[in-house]
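First comes the structure, then the notes that go with it.
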Amino acid sequence: MAYLDSLSGNSIGKRYDLDQAEMVMGRHPDCDIVLDSGAVSRQHAKMIRNGNSYLIEDMKSRNGTFVNGRLIEQPAPLEDGDVIRVCDLELSFHADLPVSEFDDGSSLNATHGSKLGMFIVDDGDEPTSHSVMAKMEVRGSTFGAQVSASPEVKLAAMLEIMSALGKAVSIDDVLPKVLDSLFRIFVQADRGFIVLKDEAGTLQPRWVKTRRPEQEEQFRISRTIMKQVMQDKEAIISLDAGSDERFQMSQSVADFRIRSMIVAPLLDSEGEPLGAIQIDTVQHKGRFEAKDLEVLSAVANQAGIAIENAQLHEQMVLQRLVEQDLELAKQVQQAFLPRETPDLPEYDFYQYYNPASEIGGDYFDYIPLEHDRMAIVVADVVGHGVAAAMFMAKLSAETRFAFASEDEPAKALTLLNERVTALGVERFVTMCVIILHPPSGNISIVNAGHMPPVYRDQNGIISEPGFDNSGPPLGIMTGIDYEEFKMQIHPGELLAMYTDGVFEAPNKLGEQFSIARVKSMVGETSNSLSENGNALIKSVTEHIVGCAQEDDMCLVMFNRLKESS
């Protein structure tokens, strides 16, 4: 199947299979090939299949369509390897390739270096005695006049390579320069390339260099040779690849008339293969010498360590970026949460919020309502981390909308459930809401699968009001009618709302803090509500000492003061 390969932009390396007779490319999301660039027209160009060939047609775009640097004014035929430019984006066209007995048809395009059609192919299903590489083999000893760099040039180039590799922090910057230096050492080389394993262990061509511009054509790399070199962890050399029986099954050697080649594995500090580097030539004279194997092996050894160090550096940079993003997300999330407790006469409030990671899925809020009322909300989005935090942000807005739209708490929670379920996100939310009328102390409790609040009355008796009136969590199903539980809070009484990260917090033995201990701590009297709340949090913290916090923790408490402030 023919396809396009992205050579630039955010989608570099992405493959677009041309599996339809006509395929439109452009900025509009309905296009068959969506190009992520503001300069691209909504419908920019069209790929047209005509039998076994392909044409590209510009669709009257603003900035035009180019093939191999030429602006097309009418449908233009495409050949394998042609480069299509659409504004600041480039794609290479690849036609169907004939599959020979040596080639399984699998291919991967170069993602760096020259815009060459690079393919990694298997020279056979299984390595044979002909295709399996030896550790080192030199065939023949007389090739006539040798063409090579002077020892001074070789030494200077080697020092340059070692210096560059020693300072390498970006392999994309360093290794192409390594190829340049190798071409000064091996003046007989016609092409060189480096392949690396990706995260899935698949070989990917990364950098390529050719001696002359006319050599910048599509060529193939033998996966069998590369794998064998990496598996044996031994560099190989062939002084006459054309007559070397080890390469008689290699179509890539035959296709490009390779006369001599050196291949060396790239190993990390533990001796594990990262990839391989190859230098080859098509010249009859000036073939490689046995001593050249030592030079390339030395470069490959240093390059392998440099690649490993650069990859570790890139991981550290990415980790720092992730940490910066999480810190920013934390700041954004904190903006959704109350920074201060409500200032109400005759009432005191306490709040505590601590996510298990930088950001969390627990949520609490104080929402002013009509008729001098206030909604006190505590909720828990299933799970924690980025996904839960993003859903929490949406939940915050939906909760305020629902309780501002419906005067009756039960109907407001029913509306909220409908809106949360309609989002189609495979996450559910437990939520408990207390509607407080401060002047009278009247309270309405609506609960969606959350732990009921802990209530301590004037006599110090602990209960869980609204336990039997709880409905299912939000987001599971529609058509739920939630119930309302009414009560009154008197001077000296207290209500505590919390999430499961508090009572389910495990110690080293796996023992949870438990709801019973939460009730016990709420039942203890103290001089102030803050002392009561801090004592509970301190008890939980001491319980999990030496353990990582497994879930987000949220605690909201309020009481009605015995005397008006």
Side-chain angles (χ1 to χ4, degrees), residues 337-338 340-356 362 364-366 374 376-380 430-434 436 438 441-443 445 447 450-468 470 485 487-547 549-565:
L337 301 173
E340 299 178 351
T341 58
D343 184 13
L344 294 177
E346 302 183 18
Y347 291 87
D348 194 12
F349 284 81
Y350 173 88
Q351 63 187 37
Y352 175 83
Y353 184 89
N354 186 29
D362 282 4
F364 76 99
D365 205 353
Y366 311 110
M374 181 177 66
I376 306 164
V377 184
V378 170
D380 183 2
T430 65
M431 175 181 287
C432 182
V433 183
I434 295 179
L436 170 66
N442 289 333
I443 282 177
I445 302 175
N447 197 326
H450 200 80
M451 290 73 65
V454 178
Y455 172 55
R456 187 183 72 200
D457 66 14
Q458 292 174 318
N459 301 315
I461 298 175
I462 297 296
S463 62
E464 295 177 298
F467 181 85
D468 296 327
S470 178
F485 178 84
M487 60 175 288
Q488 187 177 27
I489 184 172
H490 301 94
E493 296 183 336
L494 177 150
L495 279 161
M497 308 165 70
Y498 56 99
T499 58
D500 56 8
V502 176
F503 74 86
E504 289 183 348
N507 61 12
K508 291 182 178 180
L509 300 177
E511 300 167 338
Q512 296 184 350
F513 187 77
S514 79
I515 293 179
R517 292 184 66 180
V518 172
K519 293 180 180 179
S520 175
M521 295 296 296
V522 172
E524 294 181 2
T525 58
S526 59
N527 294 327
S528 68
L529 184 68
S530 61
E531 288 184 5
N532 205 162
N534 288 335
L536 173 53
I537 295 302
K538 180 181 179 183
S539 183
V540 176
T541 303
E542 292 175 347
H543 176 75
I544 64 173
V545 66
C547 302
Q549 181 180 331
E550 291 190 357
D551 201 358
D552 309 324
M553 295 185 187
C554 179
L555 173 66
V556 175
M557 303 171 68
F558 69 96
N559 64 356
R560 190 172 185 182
L561 302 175
K562 292 182 179 180
E563 296 181 0
S564 175
S565 58

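Not measured: the values here are computed from a predicted model. Quick note: numbers below take in every heavy atom, side chains included, and nothing from hydrogens, waters or symmetry partners.
- Of the inter-residue distances, the one linking Tyr352 atom OH with Cys554 atom SG reads 10.0 Å to the nearest 0.5 angstrom.
- Met521 and Phe513 make their closest contact through CG-CZ, 4.5 Å (heavy atoms, listed as atom of the first residue, atom of the second, distance).
- When atom types are taken as modelled, the side chain of His490 and the backbone of Gln458 share no donor-acceptor pair closer than 3.5 angstrom.
- Heavy-atom minimum distance, Gly501 versus Ala505: O-CB, 3.6 Å.
- Formation of a donor-acceptor pair under 3.5 Å by the His543 side chain with backbone atoms of Glu511 is found in this model.
- Asn447 has its side chain within reach of Pro452: a pair of non-hydrogen atoms, C-beta onward, lies under 4.5 Å apart.
- Heavy atoms only, all atoms of each residue included: Ile443 and Ile445 are closest at CG2-CG1, 3.7 Å.
- With contacts defined as side-chain heavy-atom distances shorter than 4.5 Å, the pair Cys547/Pro506 does not qualify.
- Atom CD in Gln488 sits 13.0 Å away from atom CG in Asp457 (nearest 0.5 Å).
- With contacts defined as side-chain heavy-atom distances shorter than 4.5 Å, the pair Leu436/Tyr366 does not qualify.
- In terms of modelled atom types and a separation under 3.5 Å, the side chain of Thr541 and the main chain of Ile537 share a donor-acceptor contact.
- Side chain of Gln351 to backbone of Phe364: no donor-acceptor contact under 3.5 angstrom is found.
- Between Tyr347 and Phe349, the angle of the ring planes lies from 30° to 60°, which puts this pair in the tilted group.
- Between Pro453 and Pro465, the closest heavy-atom pair is O-CD, 3.4 Å.
- A donor-acceptor pair under 3.5 Å is absent between the side-chain atoms of Asn459 and the main chain of Ile461, judged by distance alone.
- Between Lys519 and Glu464, the closest side-chain pair of non-hydrogen atoms falls below 4.5 Å.
- Phe558 pairs with exactly one of Leu494, Ile489, Asp348 by the side chain to side chain contact (heavy atoms under 4.5 Å, CB included) rule, that one being Ile489.
- Residue Ile376 comes nearest to Met497 through the heavy atom pair O-CE, 3.5 Å, listed as atom of the first residue, atom of the second, then distance.
- In this structure the side chain of Pro345 never reaches within 4.5 angstrom of the side chain of Pro438, judged on heavy atoms.
- When all heavy atoms of Met487 and Phe485 are compared, the pair lying nearest together is CB-CE2, 4.0 Å.
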- Show the numbers, then the answer: is there a side-chain contact (heavy atoms from CB on, under 4.5 Å) between Val502 and Met451? CA-CA 11 Å; Val502 176; Met451 290 73 65; over 6 Å; no
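- A donor-acceptor pair is defined here as one N or O able to donate and one able to accept, closer than 3.5 Å; such a pair exists between the side chain of Arg456 and the backbone of Glu524.
- For the pair Asp500 and Asp551, the minimum side-chain heavy-atom distance is below 4.5 Å.
- Asp362 is not listed as a side-chain neighbour of Pro355, based on a closest heavy-atom distance of 4.5 Å or more.
- Note that CD of Glu493 is 3.0 Å distant from OH of Tyr455, once rounded to the nearest 0.5 Å.
- Without hydrogens or angle criteria, Asp552 side chain to Ala356 main chain gives a donor-acceptor distance under 3.5 Å.
- A heavy-atom distance below 4.5 Å is not found between the side chains of Tyr350 and Thr341.
- Between Val378 and the options Val556, Asp365, Leu555, a side chain to side chain contact (heavy atoms under 4.5 Å, CB included) holds for only Val556.
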